[in-house]
Structures are given as C-alpha cells and as structure tokens.
Novice: 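The structure that follows is given in the form of structure tokens.
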Number of protein chains: 2
Amino acid sequence: MRDHAGVKGLQRAEFARRTGSNLETVRYYEKVGLLPEPPRTANGYRSYGKTHERRLRFVLRARELGFSIYEIRELLRLVDERNRPCAEARDVTATHLADVRAKIADLRRMERVLKDVVTRCGDGTFPGCPLIETLFHGPTVG
Amino acid sequence: MRDHAGVKGLQRAEFARRTGSNLETVRYYEKVGLLPEPPRTANGYRSYGKTHERRLRFVLRARELGFSIYEIRELLRLVDERNRPCAEARDVTATHLADVRAKIADLRRMERVLKDVVTRCGDGTFPGCPLIETLFHGPTVG
DNA sequence: GGTAGGGTCTGTAGCAACTACAGGGTCAAG
DNA sequence: CTTGACCCTGTAGTTGCTACAGACCCTACC
C-alpha cells in the first residue's frame with residue numbers, strides 16, 4: 001500500500017514513533033492548526049513528509065519548553081511570515097519566561113510550606129496533626 | 001429574607017466574599033464532594049454556617065498549596081475519620097511535595113533554556129533568530 | 001474465496017479545576 | 001407593580017491532550 005498514489009511518505013504511526021509523540025496528539029495538533037493537513041494517499045490515509053516532521057519537531061520542542069498552543073501558533077506565524085521575526089519571537093518568549101518564573105515562585109512557596117509541615121508531622125508525637133492544623137488555622141500562603 | 005425559616009446563615013455571595021473565593025467555585029466544591037451540601041432556607045437558598053466556612057477555608061488553603069481535589073478529599077476523609085490521621089496525612093503531603101519538586105525541576109529546565117534564547121535574541125544582530133533555530137534544530141530539553 | 005490481523009479513518013467523550021452563562025424563581029424597596 | 005439584586009439549576013466553555021466507538025481498508029494466510 002506504500003506509494004499507492006505516487007505519494008511517498010510516512011503513515012501516522014510511524015510518523016509519531018519517529019518523533020516520539022503520541023499519534024493522537026499529532027491529529028490534535030492538526031485540528032488546532034499547528035500542523036498543516038498532510039496530503040492523502042488514494043485511500044485517504046495521511047502521508048507525511050520531511051517538512052511535516054520538521055514542523056512537528058518544532059511544536060514538540062516548544063511544548064517541552066512550556067509554550068502554550070496559542071504561543072506556538074504565534075511563533076509559527078512569525079516563522080512563516082519571515083519578516084524580521086526575531087524581535088517579536090523574543091517578546092513572546094520573554095512573556096512566557098516571566099510566566100514560567102511566576103509558576104516557579106508559586107511552587108517554591110508551596111514547597112516551603114509543605115516541607116515544613118512534613119517535617120513537623122515527622123515524629124508524630126503531637127496530639128494534633130500539624131498539617132491539618134495548618135490547613136484549618138494556618139496563614140494564607142499567597 | 002434573612003432568617004426566613006429559623007435558619008440563620010450566610011448566603012452564597014457573602015459566603016464566597018468572606019472567604020475570598022468565587023461563588024461558582026463554592027458550588028463546584030459542593031458538587032465534587034469537598035463541601036457538604038448546606039441547609040436551605042424555605043425558598044431553597046443555601047445557608048452557610050461556621051462549620052461550612054471552616055471547611056471551605058481548609059479546602060482553599062489546600063488548593064493554594066497545590067493539593068488536587070482528590071488529595072483534598074483524602075485529607076478531609078482523614079480529618080473526619082479522626083483515628084490517627086497524621087501519618088497518612090503526612091504520606092499524602094510527602095507525595096504531593098515530591099510532585100511539586102518535580103514540577104519545579106521541569107520549570108527550571110524550561111527557564112534555563114528560555115533565558116538563554118532570550119539573551120541570544122537580545123541584540124538581534126544575527127541573520128537568523130536563535131529562538132527559532134533552537135526550536136527547529138536545538139537539543140531536546142527533557 | 002474467506003477471514004484474521006493489523007493499520008487507518010471520523011467524531012465524540014473524558015480528564016482537572018474551574019468559569020461563565022442561560023433561563024428561570026424570589027424578594028424587598030420605591 | 002416594576003425594577004434590581006440576589007438566588008436556583010443545568011450545561012457549555014477553557015487547555016492539552018488521551019481514549020475510545022464504529023467504520024474502512026489492506027495484506028497474508030489457508
């Protein structure tokens with residue numbers, strides 16, 4: 001069935017496997033417009049080429065860096081438009097970096113309190129549970 | 001309409017306001033079983049008392065610390081059952097702490113790469129965009 | 001020829017943890 | 001008696017997937 005209509009390319013499963021992604025995810029990315037719809041063979045099967053793979057890898061790396069679907073769409077638009085994308089791409093990334101740092105700060109606050117209560121729960125000699133007391137009466141975290 | 005059926009308590013909006021939460025969220029917590037259904041006045045309005053407020057504050061603090069709904073349900077069960085909850089509560093918390101630390105580690109990896117590309121994009125003297133190059137050809141983060 | 005097995009296709013439902021309505025009821029004041 | 005401010009229920013939307021159901025299609029084997 002390979003090369004059925006003169007189109008040679010990878011099918012979904014192989015495509016996903018080569019890029020280390022879930023094959024349902026690939027379809028999802030096509031649906032939300034991050035990946036172009038690939039050409040089809042005569043029987044309607046998707047057939048992926050090098051450009052698709054290149055673009056999918058871009059999307060996967062961006063996701064690994066925590067960019068949202070919306071942000072990735074922005075970045076790809078900049079890539080496609082090709083007129084001086086760097087400054088704008090940097091803005092998108094700087095905004096995202098600020099988000100990441102805010103999340104890290106949030107999580108560190110959580111970590112600090114959690115570490116503290118786990119330590120205080122540690123010996124278990126208290127009549128009440130420090131964790132539960134903290135949740136009922138403790139200070140607000142944020 | 002206050003004290004309509006001999007029940008005195010707060011209505012939804014006031015209850016949410018006092019605890020700094022969204023009133024839709026309160027209903028959500030009731031639906032998923034984190035908060036007990038409050039008594040109703042004769043006209044069917046919810047009427048909240050001190051115990052509800054106490055419990056809601058518990059839930060809100062737990063959410064601030066990043067506990068999932070499922071985990072909070074666990075903690076509340078331990079609170080309600082009242083037989084030596086501390087050891088189990090500590091286990092729940094320790095597991096959650098590990099999750100938080102894993103997330104922090106992920107985000108720090110992201111932060112490192114993002115900071116790097118923003119810096120390299122900074123002067124904008126390169127012909128290509130370092131960010132876009134990284135996404136197309138750069139190393140995998142994870 | 002028939003059938004078993006693997007792949008593929010579409011569309012839809014589910015997850016967390018909310019948030020935001022729509023479309024109705026109730027109540028007190030002017 | 002109408003206006004406005006609450007309240008009620010149920011359902012749909014959000015993000016980023018993941019997991020089906022129910023249908024094709026294609027190859028291989030007997």
Side-chain angles (χ1 to χ4, degrees), chain A residues 1-5 7 9-35 37-48 56 59-76 96 99-100 103 106 110, chain B residues 1-5 7 9-35 37-48 52 56 59-74 76 96 99-100 103 106 110:
Chain A
M1 173 237 87
R2 172 158 313 159
D3 206 354
H4 201 33
V7 184
L10 299 171
Q11 286 191 8
R12 238 170 40 135
E14 176 66 6
F15 184 54
R17 202 191 54 69
R18 276 173 61 125
T19 52
S21 59
N22 185 323
L23 84 175
E24 302 277 19
T25 306
V26 172
R27 191 157 78 92
Y28 172 72
Y29 289 156
E30 283 166 16
K31 201 175 70 177
V32 298
L34 292 190
L35 300 177
E37 291 271 317
R40 306 289 180 121
T41 59
N43 56 16
Y45 289 12
R46 287 171 182 79
S47 176
Y48 296 98
L56 176 58
V59 172
L60 292 173
R61 288 208 186 86
R63 288 293 303 136
E64 277 176 1
L65 289 172
F67 284 102
S68 70
I69 300 293
Y70 175 84
E71 288 166 332
I72 297 172
R73 218 162 7 220
E74 280 291 284
L75 292 174
L76 285 169
H96 176 52
D99 291 351
V100 168
K103 269 188 199 131
D106 280 354
M110 293 179 199
Chain B
M1 168 243 88
R2 172 159 314 161
D3 205 355
H4 201 31
V7 184
L10 300 171
Q11 286 190 8
R12 237 167 41 133
E14 176 66 7
F15 184 55
R17 201 191 53 69
R18 276 173 63 123
T19 51
S21 59
N22 185 323
L23 85 175
E24 302 277 19
T25 306
V26 172
R27 191 158 78 90
Y28 173 71
Y29 288 156
E30 284 166 16
K31 200 175 71 178
V32 298
L34 291 190
L35 301 177
E37 291 270 316
R40 306 290 180 118
T41 60
N43 56 17
Y45 289 12
R46 287 172 182 79
S47 175
Y48 297 98
H52 293 91
L56 176 57
V59 173
L60 292 172
R61 287 208 187 86
R63 287 294 303 135
E64 276 177 2
L65 289 171
F67 285 101
S68 71
I69 300 293
Y70 175 84
E71 288 166 332
I72 297 172
R73 218 161 10 219
E74 281 289 285
L76 286 169
H96 176 50
D99 291 351
V100 168
K103 268 187 201 134
D106 280 354
M110 293 178 197

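Predicted, not measured: the structure shown is a model, and the values here were computed from it. Lettering of chains follows the sequences in order, A, B, ..., and the numbering in each one begins at 1.
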Novice: Using a cut-off of strictly less than 4.0 Å, decide whether Thr25(B) has a side-chain nitrogen or oxygen near OP1 or OP2 of dT19(C).
Specialist: yes

Novice: Would you say that Tyr48(A) contacts Leu56(A) through its side chain, given a criterion of any heavy-atom pair below 4.5 Å between the two side chains?
Specialist: no

Novice: Taking atom P of dG16(D) as reference, at what distance in whole Å does atom CG of Leu34(A) sit?
Specialist: 9 Å

Novice: What is the distance from CZ of Arg73(A) to C1' of dG16(D), rounded to the nearest Å?
Specialist: 12 Å

Novice: What's the CD1-P distance between Ile72(A) and dC17(D), to the nearest Å?
Specialist: 8 Å

Novice: Please check the phosphate of dC7(D) (OP1 and OP2 only) for any side-chain N or O of Asn43(B) closer than 4.0 Å.
Specialist: no

Novice: Considering only dT18(D), dC17(D), dC7(D), which nucleotide approaches the side chain of Asn22(A) most closely?
Specialist: dT18(D)

Novice: Report the end-to-end axis angle of the helix from dG1(C)-dC30(D) to dG30(C)-dC1(D); each axis comes from five terminal pairs, and the value is rounded to 10°.
Specialist: 40°

Novice: Give Tyr29(A) one of three labels, base, sugar-phosphate or nothing, depending on what nucleic acid heavy atoms sit under 4.0 Å from its own.
Specialist: sugar-phosphate

Novice: Less than 4.5 Å apart, side chain to side chain, heavy atoms only: is that true for Val100(A) and His96(A)?
Specialist: yes

Novice: Taking only the side-chain nitrogens and oxygens of Arg46(B), find out if one of them lies under 4.0 Å from OP1 or OP2 of dC7(D).
Specialist: no

Novice: Atom pairs, N/O to N/O, protein against nucleotides 20-24 of chain D, distance under 3.5 Å?
Specialist:
residue, atom, partner, partner atom, Å
dC20(D), N4, Glu24(A), OE2, 3.2

Novice: Mind checking side-chain hydrogen bond (donor to acceptor under 3.5 Å, both in side chains) for Arg17(A) and listing every partner two or more places apart, or none if nothing turns up?
Specialist: Glu14(A)

Novice: Whole angstrom is fine here: how far is it from CG in Leu23(B) over to P in dC7(D)?
Specialist: 7 Å

Novice: So, Arg63(A) side chain and Ile72(A) main chain: donor-acceptor pair closer than 3.5 Å or not?
Specialist: no

Novice: Can you sort out the partners of Tyr29(B) under ring pair (Phe, Tyr, Trp, His ring centres under 6.0 Å), two or more places apart, ordered by chain and number?
Specialist: none

Novice: With sequence neighbours excluded, what pairs up with Glu30(B) under the salt bridge (charged side-chain N to carboxylate O under 4.0 Å, His left out) test?
Specialist: Arg46(B)

Novice: Between Ala13(A) and Tyr28(B), which is nearer to the 5' end of DNA chain C once each is assigned its nearest nucleotide?
Specialist: Ala13(A)

Novice: Between C1' on dT10(C) and CD on Glu30(A), what's the gap in Å once rounded to a whole number?
Specialist: 13 Å

Novice: Would you indicate, yes or no, if dT8(C) has its OP1 or OP2 atom less than 4.0 angstrom from a side-chain nitrogen or oxygen of Arg40(A)?
Specialist: no

Novice: For residues Val32(A) and Arg73(A), determine if any side-chain heavy atom of one lies less than 4.5 Å from a side-chain heavy atom of the other.
Specialist: yes

Novice: Could you list the residues that satisfy salt bridge (charged side-chain N to carboxylate O under 4.0 Å, His left out) with Arg27(A), not counting sequence neighbours?
Specialist: none

Novice: Looking at side-chain heavy atoms only, is the closest gap between Arg12(B) and Pro38(B) below 4.5 Å?
Specialist: no

Novice: Is Arg12(B) near enough to dT9(D) that one of its side-chain N or O atoms lies under 4.0 angstrom from OP1 or OP2?
Specialist: no

Novice: When the distance from CG of Leu56(A) to P of dC17(D) is rounded to whole Å, what number comes out?
Specialist: 11 Å

Novice: Rounding to an integer number of Å, can you tell me how far Glu14(B) CD sits from dC7(D) C1'?
Specialist: 14 Å

Novice: At their closest point, which heavy atom of Ala16(A) faces which heavy atom of Asn22(A), and how far apart are they?
Specialist: CB-C, 4.1 Å

Novice: How many whole angstroms separate atom NZ of Lys31(B) from atom P of dA12(D)?
Specialist: 12 Å

